[in-house]
Amino acid sequence: MLPFLTEYDPVGGSSGSIDPLGALQTYVTLADLLLPGVTTITTRSRYLSMVCAALAGAEKHRQILPGASGLAQRRKAVEPFERLWALACVAAREAGHEGAADGLRGITYAEKIYRNFASGGKKVNCDFKLLKYQSRTGAVGTYWTALVGGQLVEADTGSLADEGRELAEQFPEMPLESKDRERLADPEKAHRVSLSLEDLIAWSETCHMQAAGHKERQQLGEALTADDRRECVGRALAKMTDEIPDAWDTSALARLRQILATLPRAIELGLPVVIDAIVVTEHFHEAVLAVFETLLWWGTQNAGKPVADLVVDRDFRKAADRCRETAKNLWGFRERCERFDVRDAVDGLAGWSFQVDRCRSEHELVTELLHRHHRVQSGKMDGGMPKRDWI
């Protein structure tokens, strides 16, 4: 889990968005400055091994086109392999292996299909839907940036780098005949691939989420720290040992910053400043989000009452003061910050914090929050139409 204090919207551009005040871009940019290529949904490192194994099969058994066309071919070739692997992870969990399917993308689909195969006595195949949009939300869509950042694949073509080939060799080979290996590498022919449930279960013992061997784990660790920023954060987290929290708070971030400030390379990369940016940004977002949620509650519970009745409430006035205070702090940080990359990262919310700080009354603050929310919602689409405001 990335060290952020409040939740942000992981699907800010989609119809399921929960980002009412448009904090997503700032969160993502700060996260990328701290841990490039790592997000809150790239939680299972063995996905990297699985994708490398699938790419190795495609490169071995198919004629791959050069350039961008080859990149598309390679990415698509991962999908049939991923579907069979998802079934194997579920099979391993059913066999009692704890954590075997934790973090699996499309687990609901995989569970349903596995039960059908297990109860029907038919051979297992990959001719089923794993996710509604597997190319976007499956292994490739979720973990590709981490693969590139870990120097496992080439960014322009998707071809495996030497490190990616070495990692693929550590992943257990799927129990298929040679003709089926060739078919699996081609999405147009993969539906003809099949294996017995017994073979799938046997493969699952070594291919599930928790089954990586020592050498594979070592190579994954090297890939995850291939970037200087990730390596510095990794070293700092290692020094925190038992102090790493399940949920990050200000004191834990302060400890992480303190350790990063002892690492010359981390200082050179500005990582302590990134932590400062996270804290001051979080404080502002937390404050305005609290007021927005109060407005949402008021509109639901007191729809017939004027907002003037709310803004005179003592607790609401305290919350409004907190908004202006944290807004001033964020804008001040942005103005003082000497690192252009960090300043650029917070620009979106900092620009709005300047407007919040200028609100001279609680009523002006309410108006500003609602205008911000309206702008954010109008930039999102749902069924081809701009999304409606919550309030």
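Along the sequence shown, residues carry numbers from 1. Everything quoted here is computed from the prediction, not taken from an experiment.
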Practice problem: Could you walk me through whether Glu325 and Arg322 pass salt bridge (charged side-chain N to carboxylate O under 4.0 Å, His left out), step by step? | Solution: CA-CA 5 Å; Glu325 176 189 349; Arg322 178 64 177 159; 3.5 Å; yes
Practice problem: Report the C-alpha distance between Phe284 and Trp331 in whole Å, list the side-chain angles of each, state the deciding distance to 0.1 Å, and finish with yes or no for ring pair (Phe, Tyr, Trp, His ring centres under 6.0 Å). | Solution: CA-CA 10 Å; Phe284 172 67; Trp331 180 252; over 10 Å; no
Exercise. Report the C-alpha separation of Glu362 and Arg324 in whole Å, then their side-chain angles, then the decisive distance to 0.1 Å, and conclude whether the salt bridge (charged side-chain N to carboxylate O under 4.0 Å, His left out) test is met.
Key: CA-CA 10 Å; Glu362 285 70 34; Arg324 288 186 285 264; 3.0 Å; yes
Self-check item: Asp102 vs Arg44, salt bridge (charged side-chain N to carboxylate O under 4.0 Å, His left out): CA-CA, chis, key distance, verdict
Solution: CA-CA 8 Å; Asp102 287 358; Arg44 310 302 302 179; 5.2 Å; no
Quiz item: Going through the distances and angles, do Asp162 and Arg165 end up as a salt bridge (charged side-chain N to carboxylate O under 4.0 Å, His left out)?
Solution: CA-CA 5 Å; Asp162 290 341; Arg165 293 189 188 90; 3.2 Å; yes
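Atom CD of Glu177 has 12 or fewer heavy atoms from other residues, nucleotides or ligands within 6.0 Å. Within 6.0 Å of NE2 in His61 there are more than 12 heavy atoms belonging to other residues, nucleotides or ligands. Annotation: Arg62, atom CZ; neighbour count of heavy atoms from other residues, nucleotides and ligands within 6.0 Å is above 12. The number of heavy-atom neighbours closer than 6.0 Å to NE2 of His374, taken from other residues, nucleotides and ligands shown, is 12 or below. Other residues, nucleotides and ligands place more than 12 heavy atoms under 6.0 Å from the CZ atom of Arg372.
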Would you list the atom pairs, donor with acceptor, under 3.5 Å between side chains in residues 64-78 and any protein atom, with sequence neighbours excluded?
from: Gln73; atom 1: OE1; to: Leu65; atom 2: N; distance (Å): 2.7
from: Arg74; atom 1: NE; to: Glu59; atom 2: OE2; distance (Å): 3.1
from: Arg74; atom 1: NH1; to: Thr157; atom 2: O; distance (Å): 3.0
from: Lys76; atom 1: NZ; to: Glu79; atom 2: OE1; distance (Å): 3.4

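In plain terms, the two heavy atoms of Trp203 and Leu84 that are nearest each other are CZ3-O, 4.0 Å. Taking each heavy atom of Ile267 and Pro272 in turn, the nearest pair found is CA-CD, 4.2 Å. Across all non-hydrogen atoms, the minimal contact from Ala101 to Cys89 is CB-O, 3.8 Å. What you find for Val307 and Trp298 is that their closest heavy atoms are CA-NE1, 4.2 Å. Scanning both residues, Val90 and Leu104, for their nearest heavy atoms gives CG2-CD2, 4.2 Å. The heavy-atom pair separating Leu260 from Cys232 by the smallest distance is CD2-O, 3.8 Å.
In this structure, Val280 is not a member of the same hydrophobic cluster as Phe354, with clusters built from ILVMFWY side-chain heavy atoms closer than 4.5 Å. At a threshold of 4.5 Å between side-chain heavy atoms, the hydrophobic network of Ile, Leu, Val, Met, Phe, Trp and Tyr places Val376 and Val346 in two separate groups. Both Leu197 and Met174 belong to a single network of hydrophobic side chains, linked directly or stepwise wherever heavy atoms of I, L, V, M, F, W or Y lie under 4.5 Å apart.
Applying the side chain to side chain donor-acceptor pair (under 3.5 Å) test to pairs two or more places apart or on separate chains, those with a residue in residues 109-128 are Arg93-Glu111.
Taking the six-membered ring where tryptophan is involved, the planes of Phe171 and Phe81 are tilted, since the angle between them lies from 30° to 60°.
With a 4.5 Å cut-off on side-chain heavy atoms, Leu160 and Cys52 count as touching. Put simply, the side chain of Val193 does not reach to within 4.5 Å of the side chain of Pro80, judged on heavy atoms.
In summary, Arg358 and Glu368 do not engage in a salt bridge, as defined by a charged side-chain N under 4.0 Å from a carboxylate O. Salt bridge present: Arg265 and Glu268 bring a charged side-chain N and a carboxylate O closer than 4.0 Å.
Separating the OG1 atom in Thr26 from the CG atom in Leu330 is a distance of 8.5 Å, to the nearest 0.5 Å.
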